[in-house]
Amino acid sequence: MKAYHLLLISSVLFLSSCLRSETNIGKRFELLYYSPDIGQHINFGDDSVRVTDIKFIVSDFTLTNEDGIVLQTAENITALLYDYDLDAFGDRIIISTEIGFEINNFVSFGMNIDPVDDNDPLFDTDFFGNTTNYSLIIVGSVNDEDFIIRSSSSFDLNWDFDEPVILTDVNETIFLRSLISIEEVFRAEDGSLLDPTDNADIPQIVSNFGDNLGLLPFADSIFQ
């Protein structure tokens with residue numbers, strides 16, 4: 001049977017650089033978000049798409065080690081906002097917290113992307129609609145015509161690590177970097193552009209997002 005530990009998070013941080021400190025505070029856990037081609041004009045033949053903001057809502061996550069011990073979100077955490085826009089550069093920190101107890105040899109990570117609930121304390125009103133709420137927002141332009149995609153799709157995503165991520169030092173942190181390529185999101189099977197202004201193409205764009213959201217796990221120290 002798996003052992004569970006609640007990861008209590010009092011706040012969600014939206015920062016664009018890692019923390020630096022001289023204080024030794026023990027092993028840590030950080031969720032990161034990065035989109036390398038945000039703001040770029042991406043060409044598909046004669047067509048061009050440029051995304052200025054891509055954001056989604058994570059309702060919960062689990063991080064598992066070799067012994068089946070699971071770190072997971074506490075019940076009072078209902079909406080983690082992953083937001084990458086033109087103001088972001090490098091990794092954007094979503095959560096940075098101490099683990100709080102000895103746990104190591106991490107082997108898998110899973111997260112659920114779901115529409116926000118009406119009572120979720122989320123400041124971003126883009127995710128709330130009159131009759132439905134949303135899980136994924138993509139804002140940009142295609143051939144200089146503005147568009148916004150709002151999707152209520154849910155995604156159950158899981159990654160098994162190629163090798164266990166081991167924290168060898170008390171000051172090390174396990175980083176889980178979510179990565180999304182705008183180019184892959186808007187690429188059709190034949191290599192052409194999926195047009196976000198064409199309602200017929202939006203389901204495939206949303207599906208591509210779920211299929212191409214990647215994860216890079218690694219261990220490092222955020223302290224100098």
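Remark: the Asn133 side chain and the Asp117 side chain contain no N/O donor-acceptor pair separated by less than 3.5 Å. For the residue pair Glu30/Ser96, the side-chain donor-acceptor check at 3.5 Å is satisfied. With no hydrogens or angles considered, a side-chain donor-acceptor pair links Asp60 and Asn112 at under 3.5 Å. A side-chain N or O of Ser154 and one of Asp114 form a donor-acceptor pair less than 3.5 Å apart.
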*Test side chain to side chain contact (heavy atoms under 4.5 Å, CB included) on Ile113 and Leu213 and set out the steps.*
CA-CA 11 Å; Ile113 298 174; Leu213 184 64; 4.0 Å; yes
*Begin from the C-alpha positions of Leu81 and Val58 and carry the test side chain to side chain contact (heavy atoms under 4.5 Å, CB included) through to its verdict.*
CA-CA 7 Å; Leu81 173 60; Val58 171; over 6 Å; no
*side chain to side chain contact (heavy atoms under 4.5 Å, CB included) between Ile148 and Ile138: does it pass, once the steps are laid out?*
CA-CA 6 Å; Ile148 181 168; Ile138 306 176; over 6 Å; no
*asked:* Applying side chain to side chain contact (heavy atoms under 4.5 Å, CB included) to Tyr134 and Lys55, what does each step give before you reach the verdict?
replied: CA-CA 11 Å; Tyr134 305 104; Lys55 52 191 175 181; over 6 Å; no
*Evaluate the ring pair (Phe, Tyr, Trp, His ring centres under 6.0 Å) criterion for residues Phe209 and Phe155: first the C-alpha distance (whole Å), next the side-chain angles of each, then the deciding distance (0.1 Å), finally the verdict.*
CA-CA 10 Å; Phe209 166 81; Phe155 303 88; 5.6 Å; yes
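In this structure, Thr64 and Ile69 have side chains that are not in contact, with every pair of non-hydrogen atoms separated by 4.5 Å or more. Contact annotation: the side chain of Ile57 approaches that of Leu122 to within less than 4.5 Å [non-hydrogen atoms, C-beta and beyond]. Contact check for Leu32 versus Ile94: no side-chain heavy atoms found under the 4.5 Å cut-off. In this structure, the side chains of Ser48 and Val142 stay at 4.5 Å or more apart for every pair of heavy atoms. The shortest side-chain heavy-atom distance between Leu215 and Leu179 does not fall under the 4.5 Å cut-off. Within the 4.5 Å cutoff, side-chain heavy atoms of Arg187 are placed close to those of Phe44. Taking 4.5 Å as the limit, some side-chain heavy atom of Asp91 sits within range of a side-chain heavy atom of Arg177. Residues Glu189 and Leu194 form no side-chain contact, since every pair of their non-hydrogen atoms from C-beta on lies 4.5 Å or further apart.
The main-chain N or O of Asp201 is never found under 3.5 Å from a side-chain atom of Asp195 such that the two would form a donor-acceptor pair. Formation of a donor-acceptor pair under 3.5 Å by the Asn212 side chain with backbone atoms of Asn208 is found in this model. Remark: side-chain polar atoms of Asp124 are paired, donor with acceptor, to backbone N or O of Asp126 under 3.5 angstrom. At least one donor-acceptor pair closer than 3.5 Å links the side chain of Gln40 to the backbone N or O of Pro36.
Leu176 and Phe29 get closest at one heavy-atom pair: CD1-CE1, 3.6 Å. Nearest heavy atom pair, residue Ile174 against residue Leu167, reads N-CD2, 3.8 Å. Closest heavy-atom contact between Ser135 and Pro115: CB-N, 3.4 Å. Here the shortest heavy-atom pairing between Ile205 and Ile149 reads CG2-CD1, 3.9 Å. Across all non-hydrogen atoms, the minimal contact from Asn104 to Val165 is OD1-O, 3.9 Å. Contact record, Met111 with Trp159: CE-CH2, 3.8 Å, taken as the closest heavy-atom pair.
For Asp156, the CG atom sits in a packed shell: over 12 heavy atoms of surrounding residues, nucleotides or ligands are nearer than 6.0 Å. Heavy-atom contacts from other residues, nucleotides or ligands closer than 6.0 Å to CG of Asp190 number more than 12. Within 6.0 Å of CG in Asp144 there are 12 or fewer heavy atoms belonging to other residues, nucleotides or ligands.
Relative ring orientation between Phe56 and Tyr82 is described as parallel, the plane-to-plane angle staying below 30° on a 0-90° scale split at 30° and 60°.
The OG atom of Ser108 lies 9.0 Å from the CG atom of Asn65; values are rounded to the nearest 0.5 Å. If you take CG on Asp87 and CG on Asp85, they are separated by 5.0 Å, rounding to the nearest 0.5 Å. Within the model, atoms CG of Leu63 and CZ of Phe109 stand 7.0 Å from one another, a figure rounded to the nearest 0.5 Å. Put simply, CG on Asp53 and OG on Ser35 are 10.0 Å apart, with the number rounded to the nearest 0.5 Å. Atom CG in Asp47 sits 12.5 Å away from atom CZ in Phe186 (nearest 0.5 Å). Note: Tyr84 OH to Arg92 CZ = 7.5 Å, rounded to the nearest 0.5 Å.
A salt bridge is absent between Asp146 and Arg50; no separation between the charged side-chain nitrogens and carboxylate oxygens falls under 4.0 Å.
No continuous path of hydrophobic side-chain contacts links Val107 to Leu71 [ILVMFWY only; heavy atoms under 4.5 Å]. Residues Ile166 and Phe161 fall into different hydrophobic clusters, defined by Ile, Leu, Val, Met, Phe, Trp and Tyr side chains chained together at heavy-atom separations under 4.5 Å.
The aromatic ring centroids of Phe175 and Phe218 lie less than 6.0 Å from each other.
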